[in-house]
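Ligands are counted one by one from 1 in listed order, and the atoms in each one are counted from 1 as well. Note that this is a predicted model, so its numbers are computed, not measured. Here, residue 1 is the first one in the sequence, and each next residue gets the next number.
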Amino acid sequence: MFERSLVGLDRTRKGALIRMNGVGVCPGDDGVLALDRRWPDHAVALGWFRTHPVAVVFEPENTEEWPGARGWFSQLDGAQTELLSTALQVASWQRDHRFCGRCGHEMRRKPFEFAMVCPSCRFVSFPRISPCIITLITRGDALLLARSPRFSVGRFSTLAGFIEPGETVEAAVRREVMEEVGVRVGEVEYFGSQSWPFPHSLMMGFYGEALSEEITIDGVEIEAADWFYPDQLPGLPPSFSIARALIDNFIEGR
Ligand SMILES: [Zn+2]
């Protein structure tokens with residue numbers, strides 16, 4: 001449905017358009033898509049959706065109250081979610097990489113690629129993607145769920161964190177769990193991944209088998225954590241999140 005080919009698109013000045021300001025996305029005729037519009041000069045081509053060339057346009061001066069990007073994710077189908085995720089990340093990359101990080105010169109877009117090149121020192125910048133682990137730790141039938149102070153009242157979720165430079169994903173799972181709740185993790189099994197464009201995470205989902213039971217929370221990133229059984233679960237993350245998929249899949253597979 002969404003084809004990531006930019007060939008020929010830089011000269012296309014018309015097609016579907018996603019309009020956004022800092023955090024909001026303008027409702028279009030088809031979800032987030034405004035169909036068959038002329039593209040302004042600062043629109044950035046993203047690829048092809050169904051038969052339409054698609055571009056995103058970032059309008060920082062636009063103060064209209066458009067629905068927040070997070071809200072769209074619960075309403076859109078899978079293909080439009082992928083498109084919006086791409087649009088959000090490309091728009092924030094364009095906005096945040098206008099000047100060369102090495103020499104400070106103004107960057108130029110490389111045609112047909114998501115790449116910015118410095119005309120002075122040839123440094124190339126690509127959209128930033130930050131790899132994160134997200135993990136459901138289990139012990140028998142019990143699920144280890146935790147809540148961050150940022151969560152809505154009563155909601156618990158799986159544990160997550162950024163992978164550090166030089167670290168493997170498996171080591172990141174074990175380190176994050178130890179840091180956040182003090183539980184030792186043995187076997188780690190890959191589940192799947194999800195792009196999470198707030199602002200540019202790639203969530204890699206794992207199941208982890210607990211080797212210890214006692215929970216010691218860090219009190220900063222995590223304000224509460226506990227073992228839960230499937231018949232007495234707390235409030236859970238939304239259905240479109242990989243956190244929820246990890247939980248649902250574990251419960252169905254028992
Ligand atoms: Zn440079």
For this session: Please list all pairs passing the side-chain hydrogen bond (donor to acceptor under 3.5 Å, both in side chains) test where one or both residues lie in residues 225-236, with sequence neighbours left out.
Result: none
Seminar exercise, completed: residues 167-203 vs ring-ring contact (aromatic ring centres under 6.0 Å, His included), sequence neighbours excluded, gives Phe73-Phe198, Tyr190-Phe206, Phe191-Tyr207, Trp196-Phe198
Exercise. For residues 134-157, which residue pairs qualify under ring-ring contact (aromatic ring centres under 6.0 Å, His included), counting only residues two or more places apart or in two chains?
Worked result: Phe156-Phe228
For this session: Could you tally the protein N/O/S atoms lying less than 2.8 Å away from the Zn ion (ligand 1)?
Result: 4
Exercise. Between the side chain of Thr12 and the main-chain N/O of Lys14, is any donor-acceptor distance below 3.5 Å?
Worked result: no
Problem set entry | Salt bridge Glu170-Arg174, side-chain N to carboxylate O under 4.0 Å | no
Exercise. Under 3.5 Å, is there a donor-acceptor pair linking the side chains of Thr86 and Arg4?
Worked result: yes
